[in-house]
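Below: the structure, in C-alpha cells.
All values below come from the heavy atoms of this structure, side chains included, with hydrogens, waters and symmetry mates left out. Proteins come first, then strands; the chains are lettered A, B, ... in the order of their sequence lines, and each starts at number 1. Note that this is a predicted model, so its numbers are computed, not measured.
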Amino acid sequence: MLDYKEEGLEPEDLKEMYRTMHLARKLDERMWLLNRAGKLPFVISCQGQEATQVGAGYALDRDVDIISPYYRDLALVTHFGMTAEETMLSAFAKKGDVSSGGKQMPSHFSKKSCNIMTQGSSVTTQLLHAVGASFKFKMDDEKRVALTTLGEGSSNQGDFHEGLNFVGVHDLPFICIIENNDYAISVPRELQYGAEKLSDRALGYGMHGEHIDGNDPIAVYKAVKEARQRAVNGEGGTLIEAMSTRLTAHSSDDDDSYREKEERETMKESDCLIKFRSYILEHGVADEAWFEALEKEAKAVITDATKAAEKAPYPDPEEALTHVYEEVQHG
Amino acid sequence: MAKISYLQAIHQALDYEMGQDESVFVLGEDVGKKGGVFKVTAGLQEKYGALRCLDTPLAESNIVGTSIGAAMMGKRPVAEIQFADYILPATNQILSEAAKIRYRSNNDWNCPIVIRAPFGGGIHGALYHSQSVETIFASTPGLKVVVPSTPADAKGLLISAIRDNDPVLFFEHKKAYRLLKEEVPEGDHTVPIGKADIKREGDDITVITYGLCVNYALQAAERLSKDGYEAEILDLRTIYPLDKESIIKAASKTGKVLLVTEDNLEGSIISEVAAIIAENCLYDLDAPIMRLAGPDVPSMPYAPPMEDFFMINPDKIEAKMKELAEH
Ligand SMILES: Cc1ncc(C[n+]2csc(CCOP(=O)(O)OP(=O)(O)O)c2C)c(N)n1
C-alpha cells in the first residue's frame with residue numbers, strides 16, 4: 001500500500017475511510033444473512049470493492065461533485081451520505097426507501113440531496129448521465145466533477161465508448177472507474193476483452209488512463225485526487241482501472257461454482273478490509289481497542305437500521321401509480 | 001403575424017426559448033456550424049455559442065444519454081436526432097432511462113429533455129429516411145410523444161415541450177418543413193401537450209389523424225364537402241398519452257370514424273385509437289371503424305411509383321371518406 005503521509009492524508013482520514021469501508025461490509029454481510037433467512041429476496045454485494053469505492057469517494061468533494069454509481073457501490077454511496085437505515089429500507093422495499101420508494105430492486109442507488117444520481121438496471125447507461133453532468137459543469141464553468149463506476153464486463157457496451165469519446169472531445173471534468181473484479185457474472189475477463197489493460201483505452205479516447213491496485217484505498221485516493229485536480233483545471237477526463245476482488249458470488253441468486261476451488265480459497269488474501277486493517281495497525285494509526293469499539297458501533301447501527309426497516313410499513317399498493325409524470329396520472 | 005413555414009416555426013421556438021432561458025441548449029449532429037441538415041438550427045450557434053448549439057460526435061446514444069445527465073443537473077437540452085430512423089441506437093437511453101427516471105427515483109430526480117426527430121416519407125428518402133417510428137415510443141409511460149401538424153402548433157408545442165418537466169419526443173414531418181405555411185404568433189406562444197385539436201368541424205364523418213396527414217385530410221374534406229358531406233377532423237397532436245376524452249367526443253359526434261396514419265397499419269397509433277373508440281363508443285357508431293394506413297412492409301421504397309403507392313395523399317383519404325360517408 002502507498003504511504004498515506006505522502007498523499008497528504010492524516011491518521012484521522014485513514015480511520016474515517018476504514019470506518020466507512022467497514023460499515024458497508026457489515027451492512028452487506030447482514031443483508032446476506034437476512035437473505036439466507038428468507039427475509040430479503042435479493043442482495044448484490046460491494047464485498048471486496050470497498051477500498052476502491054471509499055478511496056475514490058474520499059478524493060471527491062461531496063458537496064459539489066456528482067456520482068453516478070453502479071449496483072456494487074454501497075461503500076461509495078455510504079460515504080456520500082446514504083445512511084444504514086436508508087440502505088435497509090431499500091433492501092426491505094419499505095416506505096422511506098430514498099432510492100426508489102420501494103419501486104426498484106435494492107442497490108439501485110439514488111439520493112439527490114447527496115449528489116447520487118438515479119440508476120436503472122441496464123449496465124453502463126449511467127456512464128452517459130455522468131458525462132452529461134460533467135458537460136453541464138463545463139458549460140457553466142463550475143469547479144465540479146462527475147464520477148461514474150462500472151464493472152469490466154460493462155465496459156464493452158456502446159455507451160462506454162460513446163461517452164468516453166465525448167469526454168475526450170470536450171475535455172470534460174469526468175472520472176470513470178472500472179472496478180475490475182475479473183468476472184461479469186460467470187464470464188472471466190479473458191473472455192470479456194482482448195486488451196491487456198482496459199485503462200489503455202484512454203489513449204484512444206484522448207484522456208488520461210491509469211491502472212491501479214483497487215484493493216489499496218490510498219492508491220485509489222491518489223489516482224482520483226489527481227484526476228479531480230486535472231478535471232477542475234480544465235485538463236479533461238480520466239479513465240481508471242482499479243483491479244478489485246469480488247469476494248461474493250455475483251448476487252444472492254447465483255453460486256460462484258464457475259470459480260476454481262483454489263481461487264475461492266485464496267481470494268480472502270486480497271480482502272481489502274483485512275489489508276487496510278493491518279496497515280492501520282502497522283502504522284500505529286489505531287489500536288485493537290479502536291477496531292473493537294468500531295465493530296460494536298457498527299453492529300449497533302446495523303441492528304437498529306434492520307429493526308427500523310423491518311418495522312416500517314410497505315408502500316401503499318397505489319403508490320405503484322405515482323410519479324410517472326410530474327402531475328400524477330391515474331391510468 | 002407573419003406567415004412562416006413549419007420549419008421556421010420550429011426554429012423560432014428554439015430561438016425564443018434559448019433567448020429567454022439560459023438553461024436551454026441544443027445538441028445533435030451537424031446542428032451547429034451547418035445549422036442542421038434541414039437548417040432548423042441555422043444561426044443558433046452564432047447567436048448562442050458553440051456550447052449552447054453543440055455539434056456532437058456521430059453517436060445517438062451519447063446524444064440522448066448526455067442530455068439526460070445534463071437535464072438531471074438542471075439544464076433543458078433539446079437533442080436533435082438527424083432522422084427519426086437513426087433514433088434506434090438511442091432507444092435504450094430513451095425507454096430504459098429517460099422514461100423511468102422520475103418513477104424509479106420516486107420523484108427525487110426528473111428528466112426534462114426534448115428529443116426532436118424528423119420523420120415520415122414522401123421525400124424520396126426510401127427505407128432509412130422515411131420511417132414512422134413513433135409507435136416504438138408511444139406505449140411507454142413516462143414519455144410524451146408529440147407530432148405537430150401545422151406551423152403554429154409546431155412552435156407552440158415545442159415551447160411547451162421545452163418547458164415540460166418530463167421527457168418529450170417531438171416528431172416533425174420532414175415533408176411538412178417547407179410545404180406548410182401559415183401565420184404563427186410571435187413571441188411566447190404555447191400549445192398544451194396532451195390535448196387533441198379539432199381542425200375542422202363537420203357532422204357527417206369524423207377523421208382522426210396526426211402529422212402531415214392532418215393537412216391531407218383537410219384538403220380531402222374540402223373536396224368532399226362539394227359532394228355534400230362535412231367531415232370533422234380531429235388532430236391528435238399528442239400521440240402519447242392520448243387525449244381519450246376528445247377522441248370519444250369526436251367519434252360519438254358523427255358515429256362514422258376514419259382513422260388515418262402514414263405508419264404501417266398493424267400496431268400503429270390508430271390501432272390504439274380504434275380500441276378506445278370500440279371500448280367507449282360502441283352504441284354511438286353507425287358504421288365499422290375504418291382505417292387508412294401504410295401497408296405492412298418494412299418501409300417506404302425508393303422508386304417513385306412504389307413510394308406513391310405507400311404514401312398517404314389527399315386522394316386516398318377522400319376516397320375512404322366517401323366510402324365511409326356513404327356507408
Ligand atoms: C445491458 C445489460 N445486459 C445484461 C445485464 C445482466 N447483467 C447484470 S450484471 C451483469 C454482469 C456485469 O459484470 P461487470 O460489468 O463486470 O460488473 P460486476 O458485476 O462484475 O461488478 C450482467 C450480465 C444487464 N443488467 N444489462
I'd like to know if the side chain of [X] reaches the main chain of [Y], judged simply by a donor and an acceptor atom lying under 3.5 Å from each other, with no hydrogens or angles considered.
{"X": "B:Y103", "Y": "A:V324", "answer": "no"}
{"X": "B:R104", "Y": "A:Q104", "answer": "no"}
{"X": "B:E97", "Y": "A:T125", "answer": "no"}
{"X": "B:D108", "Y": "A:K112", "answer": "yes"}
{"X": "B:W109", "Y": "A:I116", "answer": "yes"}
{"X": "A:Y325", "Y": "B:N165", "answer": "no"}
{"X": "B:D166", "Y": "A:E326", "answer": "yes"}

Residue A:K95 excluded, over 12 heavy atoms near NZ under 6.0 Å: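 Counting other residues, nucleotides and ligands, NZ of A:K95 exceeds 12 neighbours.
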Verify the distance criterion only: is there a donor paired with an acceptor across the side chains of A:S100 and B:N106 at less than 3.5 Å?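 Judged by distance alone, the side chains do not pair up.
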Region of B:S105 that comes under 4.5 Å of a non-hydrogen atom in chain A: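 For B:S105, the contact with chain A is made by backbone and side chain together.
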Under 4.5 Å from any heavy atom of chain A, what part of B:L143 do you find: side chain, backbone, both or neither?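 The answer is the backbone of B:L143.
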Proximity of residues 42-51 of chain B to chain A, residues having a non-hydrogen atom under 4.5 angstrom: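 Residues B:L51 are the ones that qualify, each having a heavy atom under 4.5 Å from chain A.
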Quick one: closest heavy-atom pair of B:A59 and A:E162, and the distance?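 So the two residues come closest at CB-OE1, 3.3 Å.
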